[in-house]
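Side chains included, hydrogens not; waters and symmetry mates left out as well; all remaining heavy atoms used.
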Amino acid sequence: MAVERYNPREVEPRWQAKWNEADIFTTDNNDPRDKYYVLEMFPYPSGRIHMGHVRNYAMGDVVARYKRARGFNVLHPMGWDAFGMPAENAAMQNKTHPKAWTYENIATMRKQLKSLGLSLDWSREFATCDVEYYHRQQHLFLDFLEKGLIYRKKSKVNWDPVDQTVLANEQVIEGRGWRSGALVEQRELTQWFFKITDFAQDLLESLDTLDQWPEKVRLMQKNWIGRSEGLTLRWEVVSDAAAGEFKEVTVYTTRPDTLFGASFLAIAADHPLALHIAQSNPEVAAFADECRKTGTSLAALETAEKKGMDTGIKVRHPLDPDWELPVYVANFVLMDYGTGAIFGCPAGDQRDLDFARKYGLPVTPVVMPADADASTFEIGDEAFTDDGVMINSRFLNGMTTEAAFEEIASRLEAEMFNGSPRAERKVNYRLRDWGISRQRYWGCPIPVIHCEDCGIVPVPKQDLPVQLPDDVTFDKPGNPLDRHPTWRQVSCPHCGKNALRETDTMDTFVDSSWYFARFTAPWADAPTEPEAANGWLPVDQYIGGIEHAILHLLYSRFFTRAMKETGHVNLKEPFKGLFTQGMVVHETYRLGSGMNGQWIAPADIRIEENDGTRRAFLLSSNEEVTIGSIEKMSKSKKNVVDPDDILASYGSDTARFFVLSDSPPDRDVIWTESGVEGSHRFVQRLWRLIGEAAPHLSEIAANPASEGEALAVSQAAHKTLKAVGEDFDKLAFNKAVARIYELLNALAAPLTKVAEGKADEAYVAAVRDASCILVQIIAPIMPHLAEECWNLIGTGGLVAKAAWPQFDTALVVESEITLPVQINGKKRGELTIARDAHQNEVEAAVLALDFVQNALDGQQPKKIVVVPKRIVNVVV
RNA sequence: GCGGGCGUGGUGGAAUCGGUAGACACAAGGGACUUAAAAUCCCUCGGCCAAGGCUGUACGGGUUCGAGUCCCGUCGCCCGCACCA
């Protein structure tokens, strides 16, 4: 019989409505079953969802639906990371209010997400710009402040001297402001900081407990925290009028063993000594100013050419009073790290070597490889940075690097200089405290008041929330809160005098550092309901982009610790399992070249393919378009595919199935139109095969076959069921998809046979069992299609509420296995033998094989390697 | 610059712990059905030579009975670098 084509436009909204009616995705905190919290990183409401969102949320939804079928009480919420710069940029460009712009975007994107049929608990939805949310964030801020986890200090920002405003790093392009084009300067402001460094050691050590995180993310965090063991070492300044009061310079070094290879000291442009010298030395002052024009991003600083300026000051070597070294100001030494001063050993550090070559400073090799010859070992263009044997280092000669470190450290620790030890062992971290002050409007106001008499006064909790005023304008650069006529005016909670509100708002990373905890009780008056938070947390499976591997995840780990210290939760690690998914990428198309070229959207072209050559043409004019490289979907390159277009033509199930197919989920997926069509063909094929057989299937109860013709059908279904469950447990969605294809291929002929009425009862029962399994394993990926098929087979109820089926153990084990047989490591044939055959039996059977006999040519084999159940290798 | 990752047919990828390289899909080619097209179904599909074999996982080395997988080096691409989210 003929079956109508599957029409997702009709089917998908219908099932979404049924799920709503049955209210099956709303989560009850008091449900006694085992909990499972699956969370995808919440989106920034940029305007419309993109394919990256579809992929991210499809993955989370598969996990949520699968775990629900497995009997867990699943929490799967959604919200909006809604504060941030784009809303202010839009306000400046389009004269819209950030609040209106943001909530309109949220409305659009919520509608788009709902059409995907995600199994989300929408009753817990919030946006970080909701007053109810940032109210509680201010509550947390006050608690952290009270605990001593927050302080103020001076720190640098990118300052645009034309727009008179602070710029984000991404707004600094090649050292210039993105709007004004003016050279950016560094400027110091007093800003608020979270003391993340208090937890540096714990954040580092606890990485070992995160065994469900990708190894690479743990490694990146470890390197980011950057624990090093070294020495602070004081150098005596050779008396000099220019040095003034400065009698010594303290450096931090992790390589005290290379001390005899030192050839200069380098200090940061903002080092107190540099600042002092700059007062009397215009050259140094000019150079330091130049260093300050690089902007504040580390990448910009480090890719800049390494430069320095001799201060004229000299220091004495700690181990030789007759040895004097020059002190440079250098642009690669950072005031934020260590002591803001280093000693340069050109032979043992590439940066120091480049610097020494540039300024004609001596290069003395002090470490050489263990097997090198001390009399001939030289440093050319490359420093020797490995461990080895000490040379040219007086009493250290012949020692290992490690022993030399210990020798220098203990000698200098014991030596007194100006009344205190010359050196001290010190553990240092690269991690810096987290600066959260932003001079912007669209963020969470920092709830403090500045009073002339009382200083900094926290806003009393009963006065929260400190609400953002709505009546602001964006016609001028700078922070609208600063120039608001009345908002700042407030009386001091202490003394009642006129005082001023803090106008800095919080970094948006703060908003995203605890939203996962808020989802557990978004209605709570306090930031969390501890019982709910402790019950649900940690998040069992967190899914998001690799671009958040360091900052967002590290800040969230810090926040959870800080919330523990302030009694809002009682755990340290917020995310038990982490999965980082890849991006969705697409070909680019370009019309014309060079300056006149323009990017063309995929929707505006058609592709022709002849003899393997693909050419693209503009739909409107038939002009040929150049096919460019495959890149991350971005507005600027126009290589975006709007999920709405895909949903309109293929439906949500096809889109979800496609983004989970082919590519491993942690790698990028290339969006291709032909790939989507392939996925859609599968949807139609499954619908047709099930639909044609359904009238017969619905008449007979499911029953797997244990013998006869139908055995193969049941074996295929149960093996796939087992494998797909394991794949879902590992988030290996692409493998699950491949197995689903395989199963449908295996069921195609049996389903047709049933449809044609040529099957006996036992066969139909086995096919029905297999069909139900098929429908249940596709249900997490293609929930609408699954409900429609489920209904057609006449199973009753919703698949979304059905328990995950059990596979039959007897159907998934093989009694015989086929082993590949190699001769000298190359496959030459196969051996089929009982699964539980003993090693001796396998060897005997292999030696009896014709091709083995031929290869041996009468001789004895040198060796036979038998890897049980895997392979046999005969060495002749 | 520093830190992290990736590289397998025409294409996306599979290969669980070092054990049959190319599962599954896309594209392409051929055939069946059709008045025709679409849809569907069947076959072929890394390269080289005729079988049988040789060769092949970015490139160059190494370890091993056996390497896509481990080690060393090179090249290319991607992510992060603290005020994008």
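In this structure B/rC41 sits in the anti conformation; its chi angle is more than 90° from 0. Its glycosidic angle being within 90° of 0, B/rG9 falls on the syn side.
Ring geometry, A/His53 versus A/Tyr57: the interplanar angle falls under 30°, so the pair is classed parallel (tilted spans 30 to 60°). The aromatic rings of A/Phe355 and A/Phe332 sit perpendicular, their planes meeting at an angle over 60°, well past the 30° parallel limit.
When Watson-Crick and G-U wobble pairs are counted only if both distances are under 3.5 Å, B/rA36 pairs with no nucleotide at all. Nucleotide B/rG73 forms a Watson-Crick or G-U wobble pair with B/rC59, both donor-acceptor distances falling under 3.5 Å. In this structure, B/rC48 and B/rG53 make a Watson-Crick or G-U wobble pair, each of the two defining distances being under 3.5 angstrom. Across every strand in view, B/rC41 sits in a pair with B/rG31 that passes the Watson-Crick or G-U test at under 3.5 angstrom. Remark: B/rG68 base-pairs with no nucleotide; criterion is Watson-Crick or G-U wobble with both hydrogen-bond distances under 3.5 Å. Across all strands shown, B/rU11 is found opposite B/rA25 as a Watson-Crick or G-U wobble partner, with both distances under 3.5 Å. For B/rG1, the paired nucleotide is B/rC81, the pair qualifying as Watson-Crick or G-U wobble because both relevant distances are below 3.5 Å.
Within the nucleic acid shown, A/Lys827 comes within 4.0 Å of at least one base atom, counting heavy atoms only. At a threshold of 4.0 angstrom between heavy atoms, the contacts of A/Gly435 are confined to the sugar-phosphate backbone, with no base atom among them. Contacts of A/Thr303 with the nucleic acid, taken as non-hydrogen atoms under 4.0 Å apart, include base atoms. Within the 4.0 angstrom heavy-atom criterion, base atoms lie near A/Val166. Residue A/Phe509 is in base contact, counting any heavy-atom pair closer than 4.0 Å across all strands shown. Residue-level contact check: A/Val865 touches the bases, meaning some heavy atom is under 4.0 Å from a base atom. Using a 4.0 Å heavy-atom cutoff across all strands shown, A/Arg218 reaches no nucleic acid atom at all.
Note: CD1 (A/Ile196) to P (B/rA82) measures 14 Å, nearest angstrom. Distance, A/Lys153 NZ to B/rA82 C1': 12 Å, rounded to whole Å. Taking atom CD of residue A/Glu40 and atom C1' of nucleotide B/rA85, one finds them 17 Å apart after rounding to whole Å. Taking atom CG on A/Asn158 and atom P on B/rC83, their separation rounds to 10 Å, with Å as the unit. Rounded to whole Å, atom P of B/rA39 lies 16 Å from atom CG of A/Leu689. When the C1' atom of B/rA21 is taken as reference, atom NZ of A/Lys826 falls 12 Å away, rounded to whole Å. Rounded to whole Å, the distance from CG on A/Asp507 to P on B/rA82 is 12 Å. One interatomic measurement links the two molecules: CD of A/Glu170 to P of B/rA82, which rounds to 12 Å at whole-angstrom precision.
For A/Ile871, whose side chain is taken as the heavy atoms from C-beta onward, the closest listed nucleotide among B/rA14, B/rG66, B/rU20 is B/rU20. Side-chain atoms of A/Pro664 lie closest to B/rG13 of the nucleotides B/rA85, B/rC24, B/rG13. The side chain of A/Tyr555 lies closest to B/rA82, out of B/rA85, B/rG7, B/rA82. Of the candidate nucleotides B/rU16, B/rC65, B/rA25, B/rU16 has the atom nearest to the side chain of A/Arg870. Residue A/Lys735 places its side chain closer to B/rA14 than to any other of B/rA14, B/rA23, B/rC83. When distances are taken from the side chain of A/Leu219 to each of B/rG13, B/rG5, B/rG3, the shortest belongs to B/rG5. Comparing B/rU20, B/rU40, B/rC24 against the side chain of A/Arg688 picks out B/rU40 as the nearest. When distances run from any side-chain atom of A/Arg438 to the nucleotides B/rC83, B/rA27, B/rA85, the shortest one goes to B/rC83. Comparing B/rC83, B/rG19, B/rC81 against the side chain of A/Asn169 picks out B/rC83 as the nearest. Set against B/rC83, B/rA82, B/rG1, the side chain of A/Trp224 has B/rA82 as its closest nucleotide.
Judged by atom type and distance alone, A/Gln191 reaches the base of B/rC83 through a side-chain donor-acceptor pair under 3.5 Å. With hydrogens and angles ignored, a donor-acceptor pair under 3.5 angstrom links the side chain of A/Asn873 to the base of B/rC65. Side-chain atoms of A/Asn223 and base atoms of B/rG3 include no donor and acceptor less than 3.5 Å apart. Contact of A/Gln171 with B/rC83 (side chain to base): no donor-acceptor pair of N or O atoms is detected under 3.5 Å. Between the side chain of A/Gln822 and the base of B/rG19, at least one donor-acceptor pair of N or O atoms lies under 3.5 Å.
Listed for the A/Gln684 side chain is a donor-acceptor partner under 3.5 Å among the backbone atoms of A/Tyr6. At distances below 3.5 Å, not a single donor-acceptor pair connects side-chain atoms of A/Thr385 with backbone N or O atoms of A/Asp349.
Taking atom C1' on both nucleotides, B/rU57 is separated from B/rU40 by 36 Å, rounded to a whole Å. For the P atoms, the distance linking B/rC24 with B/rC79 amounts to 33 Å, nearest Å. Rounded to whole Å, the separation between the C1' atoms of B/rA50 and B/rC77 comes to 41 Å. Between the C1' atoms of B/rC71 and B/rU64, the separation comes to 12 Å (whole Å). For B/rC26 and B/rG3, the C1' atoms lie 36 Å apart once the distance is rounded to whole Å. A gap of 46 Å separates the C1' atoms of B/rC83 and B/rC17, to the nearest Å. Here the separation of B/rG22 from B/rG68, taken at their C1' atoms, is 11 Å to the nearest Å. Nucleotides B/rG4 and B/rA14 are separated by 25 Å at their C1' atoms, to the nearest Å.
For A/Tyr133 and A/Trp514, the distance between ring centers is under 6.0 angstrom. Ring pair A/Tyr741/A/Phe657: centre-to-centre distance below 6.0 Å.
Between A/Glu742 and A/Arg739 no salt bridge is recorded (no basic side-chain N to carboxylate O distance below 4.0 Å). In summary, A/Arg681 and A/Glu677 do not engage in a salt bridge, as defined by a charged side-chain N under 4.0 Å from a carboxylate O.
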**Request:** Give the intermediate values and the outcome of side chain to side chain contact (heavy atoms under 4.5 Å, CB included) for residues A/Ile864 and A/Leu847.
**Result:** CA-CA 9 Å; A/Ile864 302 179; A/Leu847 287 175; 3.9 Å; yes
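In this structure, A/Ala299 and A/Arg739 both approach RNA chain B, and ranking their closest nucleotides by distance from the 5' end singles out A/Arg739. In terms of position on RNA chain B, the residue among A/Asn745 and A/Pro43 whose nearest nucleotide sits closer to the 5' end is A/Asn745.
Phosphate proximity of B/rG5 to A/Arg667: absent, as no side-chain N or O sits under 4.0 Å from OP1 or OP2.
Among A/Tyr555, A/Trp434, A/Trp192, the one residue that satisfies the side-chain hydrogen bond (donor to acceptor under 3.5 Å, both in side chains) test with A/Asp507 is A/Trp434.
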